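Worksheet: the structure to be examined is printed underneath.
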Protein chains: 2
Amino acid sequence: MNQGTSFLDDPDDTREAIMRATYVALGKHGYSDLTIQRIGDEFSKSKSLLYHHYDSKDDLLLDFLEFMLTQLEEQLPVYKDSGADDHIQDIVDQTFVFGGTHTSDDFARAILELRTQGANDDAFRSYFTRSDQFVRKHVAHTIRSGIEQGIFRDVDPQETAALFQLTFVGTMTQRVTSDDDVLEDARAEFERYVRECLLAE
Amino acid sequence: MNQGTSFLDDPDDTREAIMRATYVALGKHGYSDLTIQRIGDEFSKSKSLLYHHYDSKDDLLLDFLEFMLTQLEEQLPVYKDSGADDHIQDIVDQTFVFGGTHTSDDFARAILELRTQGANDDAFRSYFTRSDQFVRKHVAHTIRSGIEQGIFRDVDPQETAALFQLTFVGTMTQRVTSDDDVLEDARAEFERYVRECLLAE
DNA sequence: AAAAATTGATTGAATAGTCAGTCACCACGT
DNA sequence: ACGTGGTGACTGACTATTCAATCAATTTTT
């Protein structure tokens, strides 16, 4: 069975512990060297217990993916209707990250490794498809809102959000897989784009 | 030993065959399920022979990475000094791809899977670091050239190239790991960015 | 004949997953 | 208050398989 099947389970202590163990093991060894053994090593209980909670390694990893995507989505800045321009700036900050909560490289590494599995695993890919659409709609809504407020130009919200989404994914990939410090420069240019192509004059 | 150690080797028939086999196996099974056995299965000769040409699986994979990056760099449109704007358009086309030679999803998948290994493997990461810098300099040079020609605005070539690079990586990641068809929209918006933020008025 | 290419058989270490069984706890009837 | 039985958490030992890597032997090339 997956996650908490009953709504009256204990506060899901064990699941969280397993997720944490998986996270640590993934960080240490990388996805392709991630084994049940190694997850068990980071877990206070025994490795066999993992099979009591999950049917298989795949089952566990799929739950872990869901866990991580939840974390990721919770990181989205909430939209206080105040100013769409402020909110967009929050999103840009979040994208290029400085000191977000657990926006460490570890977290980005984990997400990217999971994401890459989507290249060969339909189940994984459909999770990310849903997550991408969620994020994209969130951004598109903000932009639409900003246009109505008259602080953004009359751009296509769908298309603009798509480029934001692409930049977000690109940043995550780039940060983790290259030592070239392209990110600062890219950020400067992206902010120029926001100023000159999005904000009203 | 790696690759062709002598410059007078036979036209590297075997190496190419091994690279091809690795490519096919990678496409079929994905990096984390890629085994010497499976590479051997796609290879006309026996699996043991792989160890005659390479010291270890890692050694083989590292050579494969170099092989793939060479392919990738050869795909860069050459800069005929005619017009920087045409050349930039070529680069955009290449980034968002339509019918490039082997710019199939298979190729993108393979590159992304290799790239993601860089998250945990320093050797892999340094290859991509070098490759990124190569591409970025190429784009920066084109932009600098376009500015001198007066067809681009007076932007910062380094920063602009960085955003191109980010978009390139983001596209590759997105294409392969999500069914959300964000790419068309993102392309439309990116071309708007080029028109309004890069091209002279 | 010497060197290089190629093979099948084999090894020892991991691998995912199983299984029989222990333990703590809780509800129930008496 | 006291058994009694049921349940789920938990474990260590185990299996069958797969893995990377080795090697002695054979074929092919030079």
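Residue numbering restarts at 1 for every chain, and letters A, B, ... go by the order of the sequence lines. Since the model is a prediction, treat every value here as computed from it, not as a measurement.
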Does the salt bridge (charged side-chain N to carboxylate O under 4.0 Å, His left out) test come out yes or no for B:Arg115 and B:Asp132, once each step is laid out?
CA-CA 11 Å; B:Arg115 184 167 201 122; B:Asp132 286 352; 2.5 Å; yes
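- At D:dA9, one or more side-chain N or O atoms of A:His52 fall inside 4.0 Å of OP1 or OP2 (strictly under the cut-off).
- What separates CG of B:Leu50 from P of D:dC19 is a distance of 14 Å, to the nearest Å.
- As rounded to whole Å, 15 Å separates atom C1' of D:dC23 from atom CG of B:Leu49.
- A centroid separation of 6.0 Å or more is found between the aromatic rings of B:His141 and B:His87.
- A:Phe190 has its ring centre less than 6.0 Å from the ring centre of A:Phe164.
- Distance CD1 (B:Ile39) to P (D:dA21): 11 Å, rounded to an integer number of Å.
- For the side-chain hydrogen bond (donor to acceptor under 3.5 Å, both in side chains) with B:Tyr193, the qualifying choice from A:Arg192, A:Glu189, A:Glu196 is A:Glu189, the only one to do so.
- Atom CG in B:Leu60 sits roughly 10 Å away from atom P in D:dA21 (whole-Å rounding).
- Residue B:Arg136 comes nearest to A:Asp185 through the heavy atom pair NH2-OD2, 2.7 Å, listed as atom of the first residue, atom of the second, then distance.
- At distances below 3.5 Å, at least one donor-acceptor pair connects side-chain atoms of B:Arg38 with backbone N or O atoms of B:Asp33.
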Kindly give the atom pairs (protein nitrogen or oxygen, nucleotide nitrogen or oxygen) under 3.5 Å for nucleotides 12-19 of chain C.
residue: C:dA16; atom: OP1; partner: A:Lys57; partner atom: NZ; Å: 3.1
residue: C:dA16; atom: OP2; partner: A:Ile36; partner atom: N; Å: 3.2
residue: C:dG17; atom: OP2; partner: A:Tyr51; partner atom: OH; Å: 3.1
residue: C:dG17; atom: OP2; partner: A:Lys57; partner atom: N; Å: 2.8
residue: C:dG17; atom: O6; partner: A:Lys47; partner atom: NZ; Å: 3.1

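- One atom, NZ of A:Lys45, and another, P of D:dG8, lie 17 Å apart when rounded to the nearest Å.
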